[in-house]
Amino acid sequence: MSTDQRADVERRLWNEIEKHNTGMLGVTGAAAHHTQPMTAFVEPKTNQIWFFTRTDTDLAREIGEGRSAMFVHQQKDFQACIGGQLTLQHDTDRINKYWNAVVAAWYPDGKDDPKLTMLCLDCDDAQVWISEGGPVKFVWEIAKANATHTTPNVGSSTSVNFH
């Protein structure tokens with residue numbers, strides 16, 4: 001894959017997350033719990049994804065000084081798993097920048113809640129799957145694969161390294 005194609009995939013990754021900003025976030029490792037749905041706020045220039053949380057949540061306690069984490073984003077024809085380092089950061093500027101009516105609904109004590117904080121995922125890498133051709137191609141590829149005892153070709157997978 002060319003550098004331009006990789007740049008296109010990376011650009012699409014950020015655009016997809018910004019457009020459909022909910023995904024599943026969780027820490028990795030032996031003591032990790034299940035992932036949980038979180039609303040993502042992307043900053044492509046710094047390869048960061050930000051999330052609101054409270055300091056008294058299981059996830060915030062699990063992170064401590066920082067942990068490896070994964071954010072999984074999935075749409076009909078686009079799937080991605082982004083890995084990186086997740087840290088707690090009480091960043092007032094970002095709280096103000098990303099605060100909106102949807103966020104406010106989850107935090108009834110408002111922006112001044114002393115337990116309100118942000119999580120920052122410093123993205124290291126991602127694996128991205130893009131399905132191509134829509135439902136007609138999908139049906140065709142499934143039928144062809146079953147008839148020829150091969151696997152369907154419904155898209156591509158690309159690794160993205162942010163460093």
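- Asn96 meets the side chain to side chain donor-acceptor pair (under 3.5 Å) test with Lys111; sequence neighbours excluded.
- Note on Phe71: it clusters hydrophobically with Val160, by side-chain heavy-atom contacts below 4.5 Å among ILVMFWY residues.
- Under the salt bridge (Lys or Arg N to Asp or Glu O under 4.0 Å) criterion, Asp125 pairs with no residue at all, not counting sequence neighbours.
- The nearest pair of heavy atoms linking Thr87 to Gly66 is CG2-CA, 3.9 Å.
- Rounding to the nearest 0.5 Å gives a distance of 4.5 Å between CD1 of Ile63 and CG of Leu119.
- Between Met118 atom CE and Thr92 atom OG1 the span is 10.5 Å, to the nearest 0.5 Å.
- In the hydrophobic cluster analysis, where Ile, Leu, Val, Met, Phe, Trp and Tyr join through side-chain heavy atoms closer than 4.5 angstrom, Met70 is grouped apart from Trp14.
- Taking 4.5 Å as the limit, every side-chain heavy atom of Thr35 sits out of range of all side-chain heavy atoms of Val72.
- Glu10 pairs by the side chain to side chain donor-acceptor pair (under 3.5 Å) definition with nothing, not counting sequence neighbours.
- Residues satisfying the ring-ring contact (aromatic ring centres under 6.0 Å, His included) criterion with Trp106, sequence neighbours excluded, are absent altogether.
- Under the salt bridge (Lys or Arg N to Asp or Glu O under 4.0 Å) criterion, Asp58 pairs with Arg61, sequence neighbours left out.
- When all heavy atoms are compared, the tightest approach of Ile130 to Val128 is CG1-CG1, 3.9 Å.
- Evaluation of the side chain to side chain contact (heavy atoms under 4.5 Å, CB included) rule for Asp91 yields Trp50, Asp93, Arg94 as partners, not counting sequence neighbours.
- Among residues two or more places apart in sequence or in another chain, the side chain to side chain donor-acceptor pair (under 3.5 Å) test is passed with Tyr98 by Glu43.
- Between Ile82 and Ala126, the shortest heavy-atom contact is CG1-CB, 3.8 Å.
- Every residue two or more places apart in sequence or in another chain that forms a ring-ring contact (aromatic ring centres under 6.0 Å, His included) with Phe52 is listed here: Phe41, Trp99.
- Within the 4.5 Å cutoff, side-chain heavy atoms of Phe162 are placed close to those of Leu13.
- In this structure, the salt bridge (Lys or Arg N to Asp or Glu O under 4.0 Å) partners of Asp113, at least two apart in sequence or on a different chain, are Arg54.
- Cluster membership for Leu86 and Met24, using ILVMFWY side-chain heavy atoms within less than 4.5 angstrom, is not shared.
- Using a 4.5 Å heavy-atom cutoff, the side chains of Ser68 and Gln85 are in contact.
- With sequence neighbours left out, Thr117 forms a side chain to side chain contact (heavy atoms under 4.5 Å, CB included) with Thr53, Thr55, Leu88, His90.
- Using a 4.5 Å cut-off on side-chain heavy atoms (C-beta onward), Thr39 and Val103 make no contact.
- Listed by chain and residue number, nothing satisfies the side chain to side chain contact (heavy atoms under 4.5 Å, CB included) test with Asp112 (two or more places apart in sequence, or in another chain).
- Expressed to the nearest 0.5 Å, how far CD1 of Ile95 lies from CD of Gln89 amounts to 11.0 Å.
- A pairwise comparison of heavy atoms in Gly84 and Asp124 identifies CA-OD2, 3.5 Å as the closest pair.
- Annotation: the span from Asn161 atom CG to Asn47 atom CG amounts to 9.5 Å, rounded to 0.5 Å.
- Checked against salt bridge (Lys or Arg N to Asp or Glu O under 4.0 Å), Arg11 has the following partners two or more places apart in sequence or in another chain: Asp8.
- One N or O on the side chain of Gln79 and one on the backbone of Gln75 form a donor-acceptor pair closer than 3.5 Å.
- Contact check for Asp109 versus Leu116: no side-chain heavy atoms found under the 4.5 Å cut-off.
- Annotation: side chain of Ile49 is in contact with side chain of Val42 (closest heavy-atom distance under 4.5 Å).
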